[in-house]
Amino acid sequence: MNSKDKYEALTARVQAAHGWDFTDVCVDGENCGVKDDNSEEFWAAMLVTIHNSAGGRLSEAGIDPATVGIRY
């Protein structure tokens with residue numbers, strides 16, 4: 001599974017379990033630090049970023065990020 005598929009699967013898992021408020025692909029894209037050229041490098045950076053962004057949002061809400069596979 002490539003990084004894009006992993007990112008999308010993790011996003012879907014978070015959204016299914018806790019709703020849309022904990023993920024934001026646009027913010028992740030701005031914060032990942034890699035130009036959005038749809039490359040493996042970009043999606044690998046996005047995967048790291050979602051762990052930090054969604055993990056932080058879930059933690060702030062009192063939800064253990066590990067329940068959806070987030071390592072925060």
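- The cluster map of Ile, Leu, Val, Met, Phe, Trp and Tyr, joined by side-chain heavy atoms under 4.5 Å apart, puts Val68 and Tyr72 in the same cluster.
- Between Ser59 and Pro65, the closest heavy-atom pair is OG-CG, 3.4 Å.
- Contact check for Val25 versus Met46: side-chain heavy atoms found under the 4.5 Å cut-off.
- Residue pairs that meet the side chain to side chain donor-acceptor pair (under 3.5 Å) test with at least one member in residues 39-58, sequence neighbours left out, are Ser3-Glu40, Asp28-Ser53, Asp37-Ser39, Asn38-Trp43.
- Taking CD1 of Ile50 as the start and NZ of Lys6 as the end, the distance is 13.5 Å to the nearest 0.5 Å.
- Under the side-chain hydrogen bond (donor to acceptor under 3.5 Å, both in side chains) criterion, Thr11 pairs with no residue, sequence neighbours left out.
- Annotation: side chain of Thr23 is not in contact with side chain of His18 (no heavy-atom distance under 4.5 Å).
- If you chain together hydrophobic residues whose side chains sit under 4.5 Å apart, Val48 and Phe22 never meet in one group.
- In terms of heavy-atom proximity, Gly55 sits nearest to Ile70 at CA-CG2, 3.7 Å.
- Within the 4.5 Å cutoff, the side chain of Leu58 has no heavy atoms near those of the Asp64 side chain.
- Not one N or O on the side chain of Asp5 forms a donor-acceptor pair closer than 3.5 Å with the backbone of Met1.
- Closest approach of Val27 and Asp24 over heavy atoms only: N-OD1, 3.1 Å.
- Taking CG of Leu47 as the start and CZ of Phe42 as the end, the distance is 11.5 Å to the nearest 0.5 Å.
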